[in-house]
Amino acid sequence: MNKAKRKAVIAGNWKMNKTPAEAKELITAIAPLVKDAGCEVVACVPYVDIAAAQEAAKGTNIHIGAENCHWEKSGAFTGEISAEMLKACGVEYVITGHSERRTYFGDTDVTVQKRTRAALDAGLTVIVCVGEYLEQREQGITGELVALQTKIALGGVTKEELSRIIIAYEPVWAIGTGRTATAAQANEVCAIIRGVIAELYDADAAEAVTIQYGGSMNAGNAAELVAQPDVDGGLIGGASLKPADFAAIVEAATKG
Ligand code: PGA
């Protein structure tokens, strides 16, 4: 697989952190540290921070994303935000299928597929998260599970649309735990996902698709992870809230 054919993407996932004023501060602190990045830099922020983050990111190379979206354009869905609304706010990226959404808010492979579909239709680039629980890894079904999650999420996605899809492999046991997958484990599953893309589409599509690793990626372990042949960057939780750490990960991905 030719890594040179794809651009690494480092995306922060701020989760439920930062007020608008704090978001402005954080983007302003990160911007000068990542200005020479050789990878795509994204900050996925809480809905209420989008305007402030965007204002602070103006004229920088930081792209703003959201953390979820609903599949309908509008309607009686109290508390939800549509992909169309995000697009209208100038958002470029959105995460779907994060394990916290799946675990705490009832997202399923089918709703992840619907959210992904809606995000593509709205013109967004989608970071689709897949990953196994520890029990599933111990059962030896990681590959099968992640392959199935990927296949369902991509149901109805055309090869052309795949240029706006990023897959993030995030083992649930590694998220926010400080327990990172080894570089070999991360690469193995990212390679399985790439194989699924080859099977669903073709070899060219598989070679072009960006596949991130996520789960306790930090300034210390990023270089080894992103140097793996099938790992094209990362989805970063905790470390994305610390400007120097996030910048160090961006630098590691730039060196790739
Ligand atoms: P973490 O989160 O880096 O804090 O483990 C990653 C994620 O949930 O995307």
Side-chain angles (χ1 to χ4, degrees), residues 8-18 22-23 26 30 34 39-47 49 53 62-69 91 93-107 112 115-116 119 124-134 136-137 142 145-146 149-150 153 165-183 185-187 189-190 193 210-226 228 231-253:
V9 179
I10 295 294
N13 171 15
W14 290 10
K15 310 193 179 187
M16 196 174 74
N17 291 292
K18 303 297 173 187
E22 290 166 347
L26 183 52
I30 291 170
V34 302
C39 62
E40 190 93 337
V41 182
V42 182
C44 295
V45 307
Y47 296 134
D49 293 340
I62 301 175
H63 301 266
I64 302 303
E67 300 174 11
N68 186 31
C69 67
V91 165
Y93 288 79
V94 67
I95 298 170
T96 60
H98 191 278
S99 65
E100 286 149 19
R101 300 295 318 171
R102 294 179 192 255
T103 302
Y104 306 129
F105 302 103
D107 241 346
V112 172
R115 293 180 202 276
T116 302
L124 301 172
T125 295
V126 195
I127 301 174
V128 182
C129 301
V130 296
E132 81 288 3
Y133 288 101
L134 187 58
Q136 296 163 334
R137 173 161 287 270
T142 297
L145 183 92
V146 165
Q149 288 175 330
T150 304
I165 291 278
I166 293 166
I167 311 281
Y169 166 55
E170 298 207 308
V172 183
W173 48 270
I175 294 177
T177 58
R179 183 178 168 193
T180 321
T182 64
Q185 284 172 327
N187 193 64
V189 183
C190 288
I193 295 168
T210 295
I211 304 179
Q212 301 173 315
Y213 167 78
S216 297
M217 195 188 270
N218 58 41
N221 60 29
E224 195 190 355
L225 286 161
V226 300
Q228 297 302 307
V231 179
D232 310 316
L235 184 57
I236 322 297
S240 72
L241 302 173
K242 301 175 193 152
D245 292 32
F246 188 65
I249 297 169
V250 167
E251 198 185 332

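Both backbone and side-chain heavy atoms feed into the values below; hydrogens, waters and symmetry mates do not. Treat the numbers as computed from the prediction; the structure is a model and nothing was measured. Remember, it's 1-based here, ligands and their atoms both numbered in the order they're listed.
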Any [X] side-chain heavy atom under 4.5 Å of [Y] side chain:
{"X": "Glu67", "Y": "His98", "value": "no"}
{"X": "Val172", "Y": "Arg102", "value": "no"}
{"X": "Tyr133", "Y": "Leu145", "value": "no"}

Those atoms of ligand 1 less than 4.0 Å from some heavy atom in His98: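 Per the distance check, 7 (C), 8 (O), 9 (O).
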The atoms of ligand 1 lying under 4.0 Å from a heavy atom of Gly215, numbered in the order shown, are 5 (O)
What residue and heavy atom of the protein are closest to [atom], and at what distance?
{"atom": "atom 4 (O) of ligand 1", "answer": "Gly238 N, 2.9 Å"}
{"atom": "atom 7 (C) of ligand 1", "answer": "Glu170 OE2, 3.2 Å"}
{"atom": "atom 2 (O) of ligand 1", "answer": "Lys15 NZ, 3.2 Å"}

With atom 6 (C) of ligand 1 as the reference point, say which of Ala239, Gly237, Ser240 has the nearest heavy atom. Gly237
Looking only at heavy atoms, which two atoms of Val91 and Gly65 are closest? And how far apart?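 Result for this residue pair: CG1-CA, 3.9 Å.
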Over all atoms of both residues, closest heavy-atom pair of Leu26 and Ser240: CD2-O, 4.0 Å
In terms of heavy-atom contacts, does CD of Gln136 have more than 12 from other residues, nucleotides or ligands at under 6.0 Å?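 Correct, the count exceeds 12.
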Decide if atom NZ of Lys15 counts as having more than 12 heavy atoms of other residues, nucleotides or ligands within a radius under 6.0 Å. yes
Quick one: look at Asn13 and ligand 1, take heavy-atom pairs under 4.0 Å, and tell me if it's side chain, backbone, both or neither. side chain
Does Ala174 come within less than 4.0 Å of ligand 1, judged by its heavy atoms?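 It does; at least one heavy atom falls under 4.0 Å.
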Ligand 1 contact by Gly176, heavy-atom criterion under 4.0 angstrom: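 Per 4.0 Å heavy-atom rule, Gly176 contacts ligand 1.
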May I ask you to check whether Ser216 has an N/O atom sitting below 3.5 Å from an N/O atom of ligand 1?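 Checking ligand 1 against Ser216, an N or O pair does fall under 3.5 Å apart.
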